[in-house]
Amino acid sequence: MLRRLYDWVIRLAGHPKAVPAMGVVSFAESSFFPIPPDVMLIPMVLANRSKAFTIATVCTVTSVLGGLFGYAIGYYFFETIGAWVVHAYHLEAGMEKFRQGFDEYGTWIILIKGLTPIPYKLVTIASGAAHFDLFTFVWASIVTRGARFFIVAALLWKYGEPIRSFIEERFTLVSWAFLIALVGGFVAVRYLF
């Protein structure tokens, strides 16, 4: 299934609507969707390395906008929508600890968590629920999400063909590593925080 998804995204990369579609995924992932935009960003950059930084820019901008949506969910609707999203991922304990930690370490939480496989939506909703300073939330989100997507895009732009060959020759291994990182992020929030 993942191989078909990868092949489909590679074919989609040449479609005129590929970048907007990735932007929608990036926006949704920052507030409620479980699949990170890397699933689309990586194959799209590999398919068209000359657009690596345009793709990273779209991914960053839409991720930050989606983060603002997640922030609004936490700020205005935490008791309804926010609690439902947190409950859907079984992250109630992690969310409460994030909320408590925002008073002291809010900026560092955003900067560090935005780079890791830990669900960014948890950070955005917790930021809003804690009424964290919006200006600081936005600049920290731009820094952390931009760093994440531009580092990936730059590596793929520079070393595209060897990385593409590695992924395609060891697709099962790469898929498992990606899934372990994705699920590991949710497990880490549930049991470590």
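Residues take their numbers from the sequence shown, with the count starting at 1. The analysis underlying the following values was restricted to heavy atoms, covering all of them including side chains, and did not include hydrogens, waters or symmetry mates.
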In Å and rounded to the nearest 0.5 Å, what is the [atom1] to [atom2] distance from [X] to [Y]?
X	Y	atom1	atom2	result
Thr124	Tyr75	OG1	OH	15.5 Å
Leu156	Met44	CG	CE	12.0 Å
Phe149	Thr144	CZ	OG1	9.0 Å
Ile73	Leu68	CD1	CG	11.5 Å
Phe32	Trp84	CZ	CH2	8.5 Å
Thr60	Ile55	OG1	CD1	11.5 Å

Let me have the donor-acceptor pairs involving side chains of residues 20-28, under 3.5 Å, with sequence neighbours excluded, atom names and distances please.
from: Ser26; atom 1: OG; to: Cys59; atom 2: O; distance (Å): 2.9
from: Ser26; atom 1: OG; to: Thr62; atom 2: OG1; distance (Å): 3.2
from: Ser26; atom 1: OG; to: Ser63; atom 2: N; distance (Å): 3.3

Heavy-atom donor-acceptor pair, [X] side chain to [Y] backbone, under 3.5 Å:
X	Y	answer
Ser31	Gly70	no
Lys121	Phe33	yes
Arg49	Trp157	yes

When you group the ILVMFWY residues by side-chain heavy-atom contacts below 4.5 Å and let the links chain together, are [Y] and [X] in the same group?
X	Y	result
Ile110	Ile142	yes
Tyr159	Ile151	yes
Met40	Phe53	no
Val58	Val39	yes
Phe69	Phe77	yes

Can you name the nearest heavy-atom pair linking [X] to [Y], along with the distance?
X	Y	value
Ala52	Ala153	O-CB, 3.6 Å
Ala140	Leu111	O-CD2, 3.6 Å
Glu29	Pro36	CG-CA, 3.5 Å

Give every donor-acceptor pair under 3.5 Å between a side-chain atom in residues 130-138 and any protein atom, sequence neighbours left out.
from: Asp133; atom 1: OD2; to: Thr136; atom 2: N; distance (Å): 2.9
from: Asp133; atom 1: OD2; to: Thr136; atom 2: OG1; distance (Å): 2.6

For the residue pair [X] and [Y], establish whether any side-chain heavy-atom pair is separated by less than 4.5 Å.
X	Y	value
Tyr120	Ser141	yes
Thr107	Trp139	yes
Asp38	Arg148	yes

Between Val19 and Thr54, is the side chain to side chain contact (heavy atoms under 4.5 Å, CB included) condition met? List the steps. CA-CA 9 Å; Val19 173; Thr54 300; 5.6 Å; no

